[in-house]
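Read through the structure below, which is laid out as structure tokens, and then see the notes.
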Amino acid sequence: MIAKIIVDVPANQTDRLFDYGVPEKWEDLIEPGMRVVVPFGPRKVQGFVVDLVEETELEKVRNIQDMMDVDPVLTPELIELGFWLTDETLCFAVSAFQAMLPAAMKANYKKKIVVAETFDGKLAEEVSRWFEHRNEIPWEDIKDSQVLPIFKKEIKRGALESQVVVKEKTAPKTQAALILPYPKEELESRMEELNDRAVKQKEVLSLFYEINAPIAIPELIELADTTRGTIKSLVQKGLLKQIEQEIYRDPYKFKSFKPSKPLDLTEEQRKAVEPIMNSLDESYHNTFLLQGVTGSGKTEIYLQTIAHALNQGKEAIVLVPEISLTPQMVSRFKGRFGSDVAVMHSGLSKGEKYDEWRKIHRGEVKVVVGARSAVFAPFKNLGIIIIDEEHESSYKQEETPRYHARDVAIKRAKYHRCPVVLGSATPALESFARAQKQVYTLLQLKERVNKREMPDVEIVDMREELRSGNRSMFSKPLFDKLIDRLEKGEQSVLLLNRRGYSTFLICRDCGYVLDCPHCDISLTYHKINHMMKCHYCGYEQRAPKVCPNCTSEHIRFFGTGTQRVEEELAKILPDARVIRMDVDTTRRKGAHEKLLGQFGDGKADILLGTQMIAKGLDFEKVTLVGVLAADAMLHLPDFRASERTFQLLTQVSGRAGRHELHGEVVIQTYTPEHYSIQYASHHDFDSFYVKEMQARKLHGYPPFYYITLINISHEEITKVLSVTEKITNFLKANLSENSIVLGPVASAIPRIKDRYRYQCMIKYKVEPDLNRLLKEILKRFSKELTKDNLQITIDRNPHMLM
DNA sequence: AGCACGCCGACT
DNA sequence: GTCGGCGTGCTC
């Protein structure tokens, strides 16, 4: 039998199937989707079995050396999906397969040196010393040492040989547990063997009448109120047996979830649920776009449709954006479905993610709630896929494979003939356009549950504030309202969009801005250690006291960071208790959750933060939301800037007045007339959609045109330019005349980590041959890619144009 | 990607 | 004459 295998070598020349023989002893055990260890040239690598056949065209093949799985880790569906991903995103097949599995399962190669079995001579003096107390030497121990040449020589003459061990990154966690090494019926007679004085031992043993499964040692000690000594002697007498039991690292072990029952649906909700239920009952694929204003009860719809799928014996995937995976969302799912739920998000450790994955793999859970990569959950009988906040940019992976979770979800749902529900208050323009064209089915919720009113929104023109002499970052209206909430004991949320607004250093005399020496971007000031830092390459230097250019002392920090807002808040509202949430304060594991918990418990009056506070949170006493600089992201070089601004403002406004108390929103801006800001303040998605569609049509952007972005980078600017030019010319010559090829043009950040970056953008409507052409480009430059350190990245449907 | 093979310059 | 530099090409 021959296995078709994708080897774990992410390179152009190895990105194809290799044939290996299956040893006879494994013929009945091996299945497609398993990981194996195969000899590859002079080394050993991990491989994925993707097919089993009888014949090979090759003269001779080498054999699979080892199996790494007992059960396939990829189902036939996922294998097919992997190849689809490879094709869609132009990545290596291994990269696609690896993206579908938890990082902990990535192979870990350990190289070591041993004395060759066939060798019975004498080792060189310097080398034999290394083998005095052991029979293998880890490669790391000698690879940088002086003796390396001698080792190499010994390998050459056959005295030593190098071996590679392929292991998993993280092994399942085990714990010591106890079982009876004989049938329960023998308990009584066995107990008689014990000395009459061994009262406690008998007592412990008698507990095993009730215990049916292996029990962990600490648990037994607790249960029997005894000590380790008692148990140890029982084990020594052979009356109990100690085994190693696999356990899960459960990140939610110590949390209890309030069980919840299905809520009564409003008329609107019922109308939205019905077609989804139909799709489930009749088992056909359909994509629903569930557009519901903030607070309209989308989550309850998710819960009830999932419950329906579970009743049919099917499984469900729920995707949530990375940052909004608030404890609140997890609680609601765990509360409704209990231990049937696995959770997968970036806050978990590698080991925890691995364990959650194994629960899915073994069929121990029916629902997974997770970020982007949870879309690959190895379920075999999917009933429904839900994508909450479907417009969120975190669903697009920005590294290879550059997939969008929405596309993967739809692909999987077609296979399983099940519905996909895309939920959002502010759908992505592309999604809404598809709903308009009836590609998706539009379901709308226009009212908040219990008919709560949308908050009142006030737009404050910061230019006016400046003219009237207010130079602070808080306008008069916002300041007054903050004081009002403080007096009433209500809470406020302040949003600062830091992107494009970080603190940089500028000289007021000569205008000099301190830039990173390796990237074309200004350095950001970090107050904690008084350092200037580059956010792209990590370069750091001390903040200068005088201008490096003109030695002027009038050098100052410009821009607004959360730290500075916090300082100013402390000045103008000294009594307010503030919680700051940004990358700095939430870096630690669980910090995100903890800070939100504190705010929810009323331990602060104001929550100040970046984008991460904009979504998902739902606190009763929040009645004021302030947006400090609504236009911060409006002028970024990105055709989605208006859309992102509209979405963010709408989302954050939705945080106010979700319960008994009425909410208010203050939006501070320098461009109050901009349609994103105007329509967001009126909660008017439809008008925004019409206006933005006009702009997209005019400029030839999605959803009217598809976009593919090719990024080229190299240390030498001339090289980048010439390669980009060749690529653009090639495309211009081969694409249809309705398509537009833009470039070569320098990227928005023309240099990162001492590499120059150019790009080429393709806009097209129909271009069935594009993938082939792109592959041809990669092939043509493949030599320079490896040899000359040239980089070409291709992003079909990019979300970041930088 | 690794790793071996192979062909040229600077040393004992 | 040999050691080691890295350019070239292959891995079932």
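Chain naming here is simple, since letters A, B, ... match the order of the sequence lines and numbering starts at 1 in each. Not measured: the values here are computed from a predicted model.
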Revision key, fill the gap. Separation of C/dC12 atom C1' from A/Gln46 atom CD, nearest Å, is 17 Å
Exercise for review: Tell me whether the guanidinium CZ or amine NZ of A/Arg417 lies under 6.0 angstrom from the six-membered ring centre of A/Tyr415 and within 45° of its axis.
Suggested key: no
Check your understanding: Rounded to whole angstroms, how far apart are CG on A/Asp19 and P on C/dT11?
Key -> 13 Å
Practice item. Evaluate whether atom CD of A/Glu27 has more than 12 neighbouring non-hydrogen atoms of other residues, nucleotides or ligands under 6.0 angstrom away. Key: yes
Point to revise | Validation row, ring centre A/Tyr403 to ring centre A/Phe376 under 6.0 Å | key: yes
Review point. Mind checking whether A/His799 and A/His404 have parallel, tilted or perpendicular rings, split at 30° and 60°?
Key: tilted
Review point. Would you call A/Val165 and A/Lys112 a side-chain contact if the rule is heavy atoms closer than 4.5 Å?
Key: yes
Exercise for review: Can you tell me the distance, in whole Å, between the CG atom of A/Asn789 and the P atom of C/dG7?
Suggested key: 14 Å
I'd like a table of atom pairs between the protein and nucleotides 1-5 of chain B - only N or O on both sides, under 3.5 Å - with the distance next to each one.
from	atom 1	to	atom 2	distance (Å)
B/dA1	N3	A/Arg43	NH2	2.9
B/dG2	O4'	A/Arg43	NH1	3.4

**Study point:** Atom pair distance, as rounded to whole Å: CG in A/Leu58 and P in C/dC12
**Key:** 10 Å
Practice item. Return the value, rounded to whole Å, for the distance between atom CD of A/Gln65 and atom P of C/dC12. Key: 12 Å
Review point. Starting at CD1 of A/Ile64 and ending at C1' of C/dC12, how long is that distance when rounded to a whole Å?
Key: 11 Å
**Study point:** Near-ring test A/Phe97/A/Phe83, centroid separation under 6.0 angstrom
**Key:** yes
